[in-house]
Amino acid sequence: MKEMQTTYNPREFEDKIYAEWMEDGAFEAKIDPQKVPFTVMMPPPNITGRLHMGHAMDETLQDIVVRFKRMQGYSVLWMPGTDHASLATEHKIVEKLRDEGISKEDLGREEFLSRAWAWKEQYGGAIVEQLKKLGSSCDWSRLAFTLDDRCSNAVREAFFKLYEKGLIYRGSRIINWCPDCKTALSDEEVSYSEDAGHFWYFRYPVDGSDESVVIATTRPETMLGDTAVAVHPEDGRYAHLVGKTLVLPLVGRKIPVVADAYVDPEFGTGAVKITPAHDPNDFEVGLRNNLPMIRILNDDGTINAEGGKFAGLDRYEARKRIVAEMDSLGLLVKVEAHTHNVGHCHRCNATLEPLVSKQWFVRMAPLAKPAIDAVMKNKTKFTPDRFAKIYYNWLENIRDWCISRQLWWGHRIPVWYCDDCGAQICSKTDPDVCPKCGSSRLHQDEDCLDTWFSSALWPFSTLGWPEETPEYKYFYPTDVLVTGYDIIPFWVMRMMFSGIRYTGKVPFRDVLIHGLVRDEQGRKMSKTLGNGIDPLEIIEKYGADSLRLSLITGVAPGNDTRFTETKVEASRNFINKIWNASRFVLMNAKDETVCTDLAKIKLTPADRWIISRLQTTIREVTLSIQKYDLGIAADKLTAFAWDDFCDWYIELCKPSLYGGDPEKKRATLGVLLFVLKDLLKLLHPFAPFVTEEIYGYLPGTEGHIITADYPRYNSKLAYKQEAKTFEGVIELIKAVRAIKVSVNCPPAKKVHLYLVTEAKRLISVNKSSILRLAGASEIEFAESGAEAGEKTVSQVTEIAQIFIPLGELVNIEEERARLQKELARVTGEIARAESKLSNTNFVAKAPKKLVEDEQAKREKYLEMKEKIERQLMSL
RNA sequence: GGGGGCAUAGCUCAGCCGGUUAGAGCGCACGCUUCACAUGCGUGAGGUCACAGGUUCGAGUCCUGUUGCCCCCACCA
């Protein structure tokens, strides 16, 4: 048998292990009617760049669940893929082109797209490599891309279906426009920030009068598009002006004063300039009052011909000039500093302009309702469930979804216009002739779809929908979607209504929501702050397993977490511990033929204790994973592996391993290997690489741990009573250690133990372990402490009274103080138990078990108290 | 304005349906080259669970209110 290296060095085997899994086809999903399918769709990372810590966490959570289910015998499909990320990618490519001194228009649509595909090959490929480094066990043979044929076909179908039912329409409405990206955006793609700005107060003269109205604005340039001034209908100050006409300065346009309840008389001057084409509220006022809409901006944010002499100026330059001119005309009343919420492009952060534009929209109301109901009826469940409220909140307040983008990289809108008869044709396949007039002079809509339109179909488009493929029939609906809470409005919500609408089924049964990975100071990791940490660098330094563990331990579902290298180190240390414990077991087993069939092994109390602890751990870990409490699962596993297995059981085993009795040694090795094997399996979903590597060294294992059976709780191995009894031995050892420390007895100095106990048998059986672990030379059973002599330190434990003659190390006063302290503690416990038990309501109403426990506790402490008192007296 | 979250040890955080003595990691103190591991071992110190009420036999946990942070959405031109 080959031997494990002395140090844990993940770099030496992680890539090798991954290659083995791939070679074995361990990730490949198979349609197996004998098995229950378990499906997870990976949230497709954008092909815009590298993966960040948030991805690493998202992937880790999925991989844990997926590996767990695979080992449990499900037919698992974890579908990987990448997202073309229309706007984000196009923006990046445009930026790159800009560096080369070219615009996308210079290239033309076709050439631009071929560059985009090249980009996709490069970055999409890099992402796949990163996912592999993390250990993601997804089925690479099915790698999907939102712009591939399958997904594109689904997009066509979905668009057509909605169009057919009138749920998609084209109309001129106020949308969010990014002058940098030169495209419309959906409401969700706008991020607001409090920006410092100004409030300019302008005077608009009343036509044919000396009177004037003062209005306030944060965007002076929009006055070029003003078509009215509005006041509140009941505002006495302005009542006489309603219906009168104002002369719009600089422009000369005559505009009416209208009354509209939208105006807040308390705010500003109580008079509002109305620019229907450039403000959502003004748009509404404009509709109500039949006002003309004058659009004054070009797509790039410069002033258009409507702006007269300001035409061609950038919006901010125009703003300056307008303010200056108003000032020189004496129409600038005052300027105030004013901070207000300004919408920015979610991609490029440019300040957005609301403007009226002809775009495509999805009618949301009919789609939102079933999506709400599905969660209400628990067809889909959020974990943690508080995110259901957030989901409802979004859907209940949703507005129509602007889905058209003035971009090239994406799914082109499947609508054609007839140049002859003007017909608008939506078709699943490219039409040759106009179905209305037969003309062949057709041209396709220039725009692309919002990237989320295709993401919304991900759970089924990747399985071949609308075709009833075998995959679709077997793997859909999916089981769990894992994603961050920031994606709920963009994606979760849209997959829900799309899935329900198109497939008649919710796309997933569970939604596991996680939080954000923040930096050490709790700040969001971002490119601009430069505080992001590359997961690959961490993997390079500590290994993927350590990174994975550090991202889930101590993290509650849905909560944000801070990433610190200290945490990764702690995880690395833990894995190193596992490595060394395994190495220890294997070194001892090297020349032996070991049988791990527990039925054939004569088990010691310590064996039964660790086997019992293993069963408890199996049960707890399994339950925790099923509830998606992965942080808790990892905690339980760590405690079992480190405390119980390494610090106690392995140490307890040493006497029998080194004692020279071959039979005992083989028996012990059998149990060690049995427990280690299950431990590795339990750990495998969390730390797949190291467990697989070690598994390869275990005698008697075939194949890989990735496809091994997940351990099952075995009640026959629970040994509840025996395990509890054995805890007494542990307590005894701990007490001796504590005594030695308290009197500054050097650890190397072996002490002679006098034990007054009823548990002579238990102690005898474990004698060599106790001697070794407690640092003792001899155990002597005594009738009383007197046998230990004068200079004695004592301690009461559940199974024994301990007396240790320590000669000159003993200070009677200190010893008395120590016992007094112990007595106080025990007395406190008795008081607590008694106060509970003397409460008749407690005895009457609390569960019987609890009352009994409390009684037993009182008995136990009373007994201890008596013993301590006796020891005190003997001093 | 609407919705949600957080407040527990020096720090970062766990703590499920209310029920032993409230936990972990890191840090800290003391002591250990014990033949798997100093990426380690042993022993320990450290908490009025933000505050005030309430429900209950019993509250860190449930309810109400208060305070202080944080996030999302809407938004006054």
Side-chain angles (χ1 to χ4, degrees), chain A residues 4 6-8 187-188 192 199 215-219 222 230 262-264 266-275 279-282 285 338 340-341 386-387 389-390 392-394 396-397 485-486 488-489 515-516 520 522 542 546 550 553-556 558-562 564 566-567 569-588 623-624 627 629 631-632 635 638-639 646-647 650-651 654 658 734 737-742 744-748 772-773 775 825 828-829 832-833 836 839-847 849-851 853-854 856-857:
Chain A
M4 288 175 70
T6 44
T7 49
Y8 163 59
D187 295 340
E188 291 75 21
Y192 289 90
F199 232 163
I215 53 91
T217 179
T218 56
R219 293 183 296 154
T222 61
Y262 151 71
V263 180
D264 175 3
E266 305 294 320
F267 189 82
T269 62
V272 188
K273 66 191 265 314
I274 299 298
T275 323
D279 181 280
N281 289 308
D282 292 8
V285 175
H338 181 69
H340 57 146
N341 258 341
R386 67 170 183 271
F387 288 105
K389 289 185 212 163
I390 297 190
Y392 295 142
N393 205 255
W394 269 101
E396 279 159 7
N397 298 301
Y485 59 70
D486 51 333
I488 293 172
L516 269 36
E520 197 144 5
Y542 299 97
S546 303
S550 72
T553 42
V555 181
N559 284 6
D560 290 354
T561 179
R562 297 185 194 206
T564 64
T566 317
K567 232 166 138 181
E569 269 174 34
S571 300
R572 189 272 319 267
N573 294 352
F574 170 62
I575 293 169
N576 180 61
K577 189 78 187 172
I578 297 295
W579 180 267
N580 277 292
S582 306
R583 196 160 65 84
F584 171 81
V585 174
L586 291 169
M587 272 166 51
N588 281 285
L623 279 173
S624 299
K627 287 193 287 182
D629 280 329
I632 290 177
D635 271 359
T638 307
C646 294
D647 289 346
I650 286 185
E651 296 304 324
K654 284 180 178 173
Y658 301 148
K734 288 186 129 186
R737 286 170 173 171
I739 288 173
K740 289 179 71 176
V741 169
S742 78
N744 288 318
C745 172
R772 182 186 179 94
L773 298 194
R825 187 183 73 86
E829 290 301 328
R832 210 184 41 74
K836 273 194 171 178
N839 182 339
T840 50
N841 276 321
F842 173 75
V843 178
K845 293 187 183 176
K849 169 93 171 67
L850 218 63
V851 178
D853 284 357
E854 211 59 44
K857 216 181 305 170

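As a basis for the values below, the full set of heavy atoms in this structure was taken, side chains included, without hydrogen atoms, waters or symmetry mates. Chain naming here is simple, since letters A, B, ... match the order of the sequence lines and numbering starts at 1 in each. Just so you know, these numbers come straight off a predicted model, no measurement behind them.
The residue among A:Gly554 and A:Glu188 whose nearest nucleotide of RNA chain B lies closer to the 5′ end is A:Gly554. Where A:Thr6 and A:Asn841 meet RNA chain B, the nucleotide closest to each residue was compared, and A:Thr6 sits on the side nearer the 5' end.
The CD1 atom of A:Ile739 sits 23 Å away from the P atom of B:C30 (whole-angstrom rounding). Straight-line distance from the CG atom of A:Asp486 to the P atom of B:C73: 10 Å, rounded to whole Å. Here B:A14 presents its C1' atom at 16 Å from CG of A:Asp560, a figure rounded to the nearest Å. Look at NZ on A:Lys740: it is 12 Å from C1' on B:G31, rounded to the nearest Å. Atom CG of A:Asp629 and atom P of B:C16 are 9 Å apart (whole Å). The interatomic distance linking A:Lys567 (NZ) with B:G27 (C1') rounds to 16 Å, in whole Å. Look at CD1 on A:Ile488: it is 10 Å from C1' on B:G4, rounded to the nearest Å. In this structure, A:Asn559 places its CG atom 11 Å from P of B:G5, rounding to the nearest Å.
Residue contacts shown for A:Arg572 include a base, since a base heavy atom lies under 4.0 Å away. Using a 4.0 Å heavy-atom distance criterion, A:Tyr8 is classed as making no nucleic acid contact. Heavy atoms of A:Gly631 sit nowhere under 4.0 angstrom from any nucleic acid atom. Residue A:Glu520 is out of contact with every strand shown, counting any heavy-atom pair closer than 4.0 Å. Counting non-hydrogen atoms under 4.0 angstrom, A:Ala581 reaches a base of the nucleic acid. Counting any heavy atom pair closer than 4.0 Å across all strands shown, A:Lys654 reaches a base atom. A:Asp264 comes within 4.0 angstrom of a nucleotide base, judged by non-hydrogen atoms across all strands. At a threshold of 4.0 angstrom between heavy atoms, the contacts of A:Pro847 include nucleobase atoms, whether or not backbone atoms are also involved. The residue A:Trp579 sits apart from the nucleic acid: no heavy atom pair falls under 4.0 Å. Note on A:Lys389: only backbone sugar-phosphate atoms sit closer than 4.0 angstrom, heavy atoms only; bases stay farther off. No engagement by A:Lys836 is indicated, since no non-hydrogen atom pair under 4.0 Å with the nucleic acid exists. Within 4.0 Å of A:Val741, counting heavy atoms only, lie sugar-phosphate atoms of the nucleic acid but no base atom. Residue contacts for A:Ile650: at a heavy-atom cut-off of 4.0 Å it reaches a base atom on one of the strands shown.
Nucleotide B:G10 forms a Watson-Crick or G-U wobble pair with B:C26, both donor-acceptor distances falling under 3.5 Å. Summarising the base pairing, B:A36 is matched to no nucleotide, lacking a Watson-Crick or G-U wobble pair whose two defining distances lie under 3.5 Å. Checking B:U64 for Watson-Crick or G-U wobble geometry (two distances, each under 3.5 Å) identifies B:A52 as its partner. The partner of B:G18, taking Watson-Crick or G-U wobble pairs whose two distances both stay under 3.5 Å, does not exist in any strand shown. Base pairing annotation: B:C41 forms a Watson-Crick or G-U wobble pair with B:G31, both donor-acceptor distances under 3.5 Å. Across all strands shown, nothing is found opposite B:G46 as a Watson-Crick or G-U wobble partner with both distances under 3.5 Å.
Comparing the P positions of B:G65 and B:G46 gives a spacing of 37 Å, expressed to the nearest Å. Using atom P as the reference point in both B:G47 and B:A24, the two lie 15 Å apart (nearest Å). As rounded to the nearest Å, B:U61 and B:G15 have C1' atoms that lie 9 Å from one another. Across the C1' atoms, B:A45 and B:C6 are found 29 Å apart, a figure rounded to whole Å. Rounded to a whole angstrom, the distance from the P atom of B:C62 to that of B:A14 is 15 Å. With both ends at atom P, the span from B:G60 to B:G18 equals 13 Å, rounded to whole Å. B:C72 and B:C17 are spaced 28 Å apart, taking the P atom of each and rounding to whole Å. For the P atom pair drawn from B:C49 and B:A7, the interatomic distance equals 14 Å after rounding to whole Å.
A pairwise comparison of heavy atoms in A:Asn559 and A:Val555 identifies O-CG1, 4.0 Å as the closest pair. In terms of heavy atoms, A:Val272 sits closest to A:Val263 at CG2-CG1, 3.7 Å.
Dashed line: the shortest gap from a side-chain N or O of A:Arg386 to OP1 or OP2 of B:G4 is not under 4.0 Å. Within the structure, a side-chain polar atom (N or O) of A:Tyr658 is placed less than 4.0 Å from OP1 or OP2 of B:A36. The side chain of A:Asn580 places no N or O atom within less than 4.0 Å of a non-bridging phosphate oxygen (OP1 or OP2) of B:A38. Side-chain N/O atoms of A:Arg219 include none lying less than 4.0 angstrom from OP1 or OP2 on B:A77. For B:C37, neither phosphate oxygen OP1 nor OP2 lies less than 4.0 angstrom from any side-chain nitrogen or oxygen of A:Asn573.
Remark: side-chain polar atoms of A:Asp560 are paired, donor with acceptor, to backbone N or O of A:Leu516 under 3.5 angstrom.
In this structure, of B:U20, B:A36, B:G42, it is B:G42 that holds the atom nearest to the side chain of A:Arg737. When distances are taken from the side chain of A:Thr218 to each of B:A36, B:G4, B:A77, the shortest belongs to B:A77. Of all nucleotides listed (B:C26, B:A77, B:G3), B:C26 comes nearest to the side chain of A:Thr566. For A:Asn393, counting side-chain heavy atoms from C-beta on, the closest listed nucleotide (B:A74, B:G3, B:C16) is B:G3. Checking B:A14, B:G42, B:A36 against the side-chain heavy atoms of A:Lys577 singles out B:A36 as nearest. Which of B:A74, B:A77, B:C41 sits closest to the side chain of A:Asp647 comes down to B:C41. Comparing B:A77, B:C13, B:A14 by their nearest atom to the side chain of A:Asp635 picks out B:A14. Checking B:G25, B:U43, B:A77 against every side-chain atom of A:Lys734, the shortest atom distance belongs to B:U43. Here the nucleotide nearest the side chain of A:Asn341, chosen from B:A74, B:A14, B:C73, is B:A74. Closest to the side chain of A:Trp394, from the set B:C73, B:C37, B:G15, is B:C73.
Contact annotation: the side chain of A:Leu773 never approaches that of A:Lys654 to less than 4.5 Å [non-hydrogen atoms, C-beta and beyond]. Considering only heavy atoms from C-beta on, A:Tyr8 stays 4.5 Å or farther from A:Ile578 through its side chain.
Once rounded to the nearest 0.5 Å, the distance linking CZ of A:Phe574 with CH2 of A:Trp579 reads 14.5 Å. The distance from atom OG1 of A:Thr7 to atom CG of A:Asn576, rounded to the nearest 0.5 Å, is 8.5 Å.
Taking the charged nitrogens against the carboxylate oxygens, A:Arg219 and A:Asp279 do have a contact shorter than 4.0 Å, which makes a salt bridge. Note on A:Lys849 versus A:Asp853: salt bridge recorded, some NZ/NE/NH1/NH2 to OD/OE distance being below 4.0 Å.
No donor-acceptor contact under 3.5 angstrom links the side chains of A:Lys740 and A:Ser742, judged on distance only.
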